[in-house]
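This chain uses plain numbering: 1 for the first residue, then up along the sequence. What you see is a predicted model, and the numbers here were worked out from it, not measured in a lab.
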Amino acid sequence: AANGDTDANDADESTAKSGIPVGMNIPPSAYDIDPLPEESQTSILNFEMKFYDYARSTRLVQGRSYARNTAFQKENIYELPNIQDLSSPKESNISSDRWWGTSAYRYAISILAFFAFPPLVQFLSTQETIPLSLFGDLTDNFSTGVSILYGTLISLTLNILYERQKCITDQIATESSLLVILTRNVLTLFQNDEKNKLIMGECISDQVRILVSESRGRELMTMIYADPYGRILDAINSLKGDWGEHGHLIGSTRDIIKDIVKSRSARLAGESSGLPPTHFFILTLLTVIILLNYTLSTLPFLADNGEPSFESRLFFALFTTLYVLFYNFASDLDNPFGGVYQIRRSAIAANLLQTKVLLVNEPLLKDRLSFEKEETSM
């Protein structure tokens, strides 16, 4: 037993001394996300913590795409790109994450609120503990502070989410355009070096595949274990001798890689900076309070039979629809790769397609590169 422990310790020390191999296949364990603590699974905050866990995991493992993957599939790799390849990856206008934008959804919310208002009013009228004459003062004093807080939160929400989408769009547009220039440079530098040209092609196709079909978590792990831009820079730095008329390309390529890595880092930071679930919980709570405040304000004006007026029911339905749609709108903005308000991808897709065309038209790289998602990817 003692000898066995000694051998195990020696093996651990040997592994530690050898370090982490760079360029290896990413181990499946790299994608494991620690679950929430046991106590949070059964606490009163379980509902909100579930949303937190969902948001935390989806920003890492949920697929995100900067172009339609159809043109990058193996059977279509030599097909000529067309205008359809520049459209959004979502093919349907009424998909699972766009239902809230349909007219049917709006009508359903309005009708439901219209018919739910009388039972709600009747229930609250049976719970009153102060004279109806004082309800006006109560709701007026209460509604002012809540309305200011709600308006401030709306402004903050829209500002954060719009800036996030703008940041991601600007950075990926810069990165994809620099990727085209980088591709042209390395193909020129290694035009007579089949081995290094193949390595450059694999690095660039890896990055294109990541942008088209891989998750943010996959990209982060690839950066750690086998960064495509880092591998290209290593190859450039290994060049020696007098390159004559192509000598200026070496310095230019180094500068491009420096800029492209900065853009990638800013883009990845933007992808992770969505609003926390607590923000939407506060938004929901304020919405409920405002609607409840409106309902209480109608109690002094009920008919003799306890029914609210048609006008009050209509306004309640309109207010409810407006607040619910704004919540859906904010939630949709929080996901820049799905829903109605997605980042605009046409220029980005054009750059990625141009990169693909440059690679597949290179004779030495023909039938040797793949842009399809790996089976073991997140």
Side-chain angles (χ1 to χ4, degrees), residues 18-28 30-31 66-67 72 77 171-172 174-241 243 246-269 271 351-352 354-378:
S18 64
I20 301 174
V22 178
M24 61 179 287
N25 292 329
I26 302 175
Y31 301 129
Y66 287 102
F72 297 90
I77 196 171
Q171 296 302 332
I172 185 58
T174 301
E175 181 182 351
S176 61
S177 61
L178 289 175
L179 187 60
V180 175
I181 303 174
L182 178 63
T183 303
R184 293 183 180 275
N185 281 6
V186 296
L187 290 179
T188 301
L189 283 172
F190 299 104
Q191 58 183 342
N192 298 319
D193 188 341
E194 181 176 357
K195 179 182 177 181
N196 278 321
K197 179 177 284 191
L198 178 59
I199 294 174
M200 296 299 98
E202 289 174 344
C203 292
I204 295 172
S205 64
D206 285 347
Q207 186 61 30
V208 171
R209 183 185 67 248
I210 286 172
L211 294 175
V212 170
S213 57
E214 301 285 7
S215 67
R216 177 174 170 268
R218 177 75 188 187
E219 183 168 11
L220 291 171
M221 289 297 100
T222 302
M223 286 171 56
I224 296 172
Y225 287 96
D227 186 2
Y229 299 140
R231 288 149 58 196
I232 294 175
L233 182 60
D234 290 341
I236 297 297
N237 290 336
S238 66
L239 296 177
K240 295 183 175 69
W243 283 77
H246 295 318
H248 69 282
L249 284 181
I250 298 177
S252 172
T253 304
R254 287 196 182 105
D255 291 337
I256 291 172
I257 295 175
K258 179 181 70 175
D259 293 338
I260 207 171
V261 168
K262 288 181 179 179
S263 293
R264 179 182 63 180
S265 298
R267 169 177 58 81
L268 289 170
E271 289 179 9
N351 286 330
L352 295 177
Q354 184 182 4
T355 303
K356 185 202 79 167
V357 169
L358 290 172
L359 292 176
V360 299
N361 284 342
E362 190 65 30
L364 292 176
L365 302 180
K366 187 176 179 62
D367 297 326
R368 303 177 74 174
L369 300 178
S370 173
F371 298 90
E372 287 192 294
K373 182 177 180 179
E374 297 180 4
E375 294 298 327
T376 56
S377 299
M378 293 172 60

Closest heavy-atom contact between L369 and L198? CD2-CD1, 4.3 Å

Side chains of N185 and S252 in contact at under 4.5 Å (non-hydrogen atoms): yes

Strictly below 4.0 Å, N to O, side chains only: are E271 and R267 in salt-bridge contact? yes

The reported gap from OG in S263 to OH in Y229 (rounded to nearest 0.5 angstrom) is 9.0 Å

When every non-hydrogen atom of F72 is compared with those of E372, the smallest separation belongs to O-CG, 3.7 Å

By the definition side-chain contact (heavy atoms from CB on, under 4.5 Å), identify the one residue from L178, I172, L179 that meets it with E175. I172

Say whether N351 and S177, considering side chains only, have a donor N or O and an acceptor N or O under 3.5 Å apart. no

Between R209 and E202, does any side-chain N to carboxylate O distance fall below 4.0 Å? no

Say you draw a straight line from CD of Q207 to CG of D227; how long is it, rounded to the nearest 0.5 Å? 7.5 Å

Of the non-hydrogen atoms in C203 and P228, which two are nearest, and what is the gap between them? O-CB, 3.3 Å

Is the backbone N or O of L364 less than 3.5 Å from a side-chain atom of R368, with the two atoms forming a donor-acceptor pair by type? yes

Between Q354 and V357, does the side-chain contact (heavy atoms from CB on, under 4.5 Å) criterion hold? Intermediate values first, please. CA-CA 5 Å; Q354 184 182 4; V357 169; 5.6 Å; no

Only one of R264, E219, M223, R216 clears side-chain contact (heavy atoms from CB on, under 4.5 Å) with I210; which? E219

Of the non-hydrogen atoms in S238 and A235, which two are nearest, and what is the gap between them? OG-O, 2.6 Å

Verdict with reasoning, L365 to V360, per side-chain contact (heavy atoms from CB on, under 4.5 Å): CA-CA 6 Å; L365 302 180; V360 299; over 6 Å; no

Measure from NZ or CZ of K356 to the centre of the six-membered ring of F371 and say whether it is under 6.0 Å with the direction within 45° of the ring axis. no

Polar side-chain atom of S205 near backbone of G201 as donor-acceptor pair, under 3.5 Å: yes

Gap between atom CZ of R231 and atom CG of D206 - 0.5 Å precision: 5.0 Å

Nearest 0.5 Å, what's the CG-CD1 distance between D255 and I181? 11.5 Å

